[in-house]
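In each ligand, atom 1 is the first atom listed, and ligand 1 is the first ligand listed. Below, each value reflects all heavy atoms present in this structure, side chains not excepted, and no hydrogens, waters or symmetry copies.
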Amino acid sequence: MTNGKVYIVGAGPGDEKLITVYGLECIQQADVIIYDRLINKNLLKYAKNDAELIYCGKEPGKHALIQEWIHELLVEKAQQGKIVTRLKGGDPCVFGRAGEEAEVLAHHGIPFVIVPGVTAGIAAAAYAGIPVTHREYAASFTIVTGHGRQEKGDDRLHWEGLAKGSDTIAFYMGVGNLPYICQKLIEHGKPSNTPVAVIEWGTTERQRTAVGTLQTIADVVKKAGLSHPAIILVGEVVRLRETIQWFAEMNRGETVATT
Ligand code: SAH
């Protein structure tokens, strides 16, 4: 048996202050920190001096191999009796593979804890002045992966359900697929004038937001040159940005375009 333990921790979406108290404690106490590409690297300053810091950012196309290696690393370090903090962007259970890693640990009888984090779809929206629900505009909110495409054979989304059944939709990993996403939503009955915001590097000093409609946003984003990482937020709540936008001004962020 092992004395080690793994903490699977959400580092928050970007702004380093958006990590939880529990998450920060996990960084401070870890012997080993295995961290992802999108975490705020400033957080690593809170690690012990002698902590081992292991970067495992994923290059496109190498995901499977690297994931395998991460699993081995988690098991190996914990079996050496180490306190391991597995640090992931946003919330570890939202497109963060926390489930797969926890399964491996459970399988090996290694104790672990999952420490939730602030997810980008909600936080980037809030920093852009967009609440994902609102009594007058949205009673439901859906988190969706946006990277699938029919011609690649990996689009498993229920587009009709999305178009008709969810007031606000946050697409993760979708900015490269924006024209397809807009087209699909329109095809399945979402009005083409539905407001859309694309928020790049949300909650960081690099945050930029573009606003348009399902019809126009792909062009706006292309012209503005927004790219990964970004959240695509679809729904009437986007209109609230006009009134409650707060972060861009305070932090010299740039508003690229409005409707
Ligand atoms: N676990 C993370 C999501 C990981 S998937 C979370 O809960 O936030 C990676 C995707 O998250 C990116 O493609 C992008 O869509 C989104 N993302 C992560 N950080 C972001 C940020 N600071 N601003 C905008 N989108 C972000």
*For ligand 1, is there an atom lying under 4.0 Å from some heavy atom of Thr203?*
no
*Heavy atom of Gly202 under 4.0 Å from ligand 1?*
yes
*For the residue pair Tyr22 and Tyr7, does the interplanar ring angle fall in the parallel (under 30°), tilted (30 to 60°) or perpendicular (over 60°) class?*
perpendicular
_N or O pair under 3.5 Å between Ile199 and ligand 1_ = no
*Can you find a heavy atom in the side chain of Ile110 that is under 4.5 Å from one in the side chain of Val6?*
yes
*Tell me, which protein residue and heavy-atom name are nearest atom 2 (C) of ligand 1, and how many Å apart are they?*
Gly89 O, 3.2 Å
_Nearest 0.5 Å, please: how far is NE2 in His188 from NZ in Lys164?_
8.0 Å
_As a test of understanding, state which of Leu44, Val9, Ile19 forms a side-chain contact (heavy atoms from CB on, under 4.5 Å) with Ile27._
Ile19
*Which residue and heavy atom of the protein sit nearest atom 11 (O) of ligand 1, plus the separation*: Tyr172 CD2, 3.4 Å
*Side chain, backbone, both or neither: which part of Leu38 comes within less than 4.0 Å of ligand 1 when only heavy atoms are counted?*
side chain
*Given Met173, Gln207, Arg206, His147, which one has a non-hydrogen atom that is nearest to atom 9 (C) of ligand 1?*
Met173
*Please say whether more than 12 non-hydrogen atoms of neighbouring residues, nucleotides or ligands are located less than 6.0 Å from NZ in Lys41.*
yes
_Is the contact between Ala230 and ligand 1 made by the side chain, the backbone, both, or neither, using heavy atoms and a 4.0 Å cut-off?_
backbone
_I'd like to know whether Glu25 forms a side chain to side chain donor-acceptor pair (under 3.5 Å) with Gln29, so could you lay out the CA-CA distance, the side-chain angles of the two residues, the decisive distance to 0.1 Å, and finally the verdict._
CA-CA 6 Å; Glu25 276 174 17; Gln29 286 163 19; 4.8 Å; no
*Mind checking whether Gly121 has an N or O less than 3.5 Å away from an N or O of ligand 1?*
no
*asked:* I'd like to know if Lys88 contacts ligand 1, where contact means a heavy-atom distance under 4.0 Å to any ligand atom.
replied: no
*Return yes or no for this condition: an N or O of Ala120 is under 3.5 Å from an N or O of ligand 1.*
yes
_Which of the numbered atoms in ligand 1 are under 4.0 angstrom from any heavy atom belonging to Thr119?_
6 (C), 7 (O), 8 (O)
*Considering heavy atoms of the protein only, find what lies nearest to atom 12 (C) of ligand 1 and give residue, atom and distance to 0.1 Å.*
His228 CE1, 3.7 Å
*asked:* Check this for me - ligand 1, Asp91, N or O atoms closer than 3.5 angstrom, yes or no?
replied: yes
*Hey, which of Gln80, Lys48, Lys77 is the one that makes side chain to side chain donor-acceptor pair (under 3.5 Å) with Asp31?*
Lys48
_Check this for me: Asn49, atom CG, are more than 12 non-hydrogen atoms of other residues, nucleotides or ligands nearer than 6.0 Å?_
no
*Per the side-chain contact (heavy atoms from CB on, under 4.5 Å) rule, which among Val132, Thr168, Leu240, Val238 passes with Tyr137?*
Leu240
_Which residue and heavy atom of the protein sit nearest atom 3 (C) of ligand 1, plus the separation_ = Val94 O, 3.4 Å
*Below 4.0 angstrom from a heavy atom of Phe95, which ligand 1 atoms are there? Numbered from 1 as shown, please.*
4 (C), 5 (S)
*Check whether more than 12 heavy atoms from other residues, nucleotides or ligands sit under 6.0 Å from atom OH of Tyr180, and answer yes or no.*
yes
*Below 4.0 Å from any atom of ligand 1, is there a heavy atom belonging to Thr204?*
no
*Please say which of Leu233, Leu157, Val198 ends up in a side-chain contact (heavy atoms from CB on, under 4.5 Å) with Phe171.*
Leu157
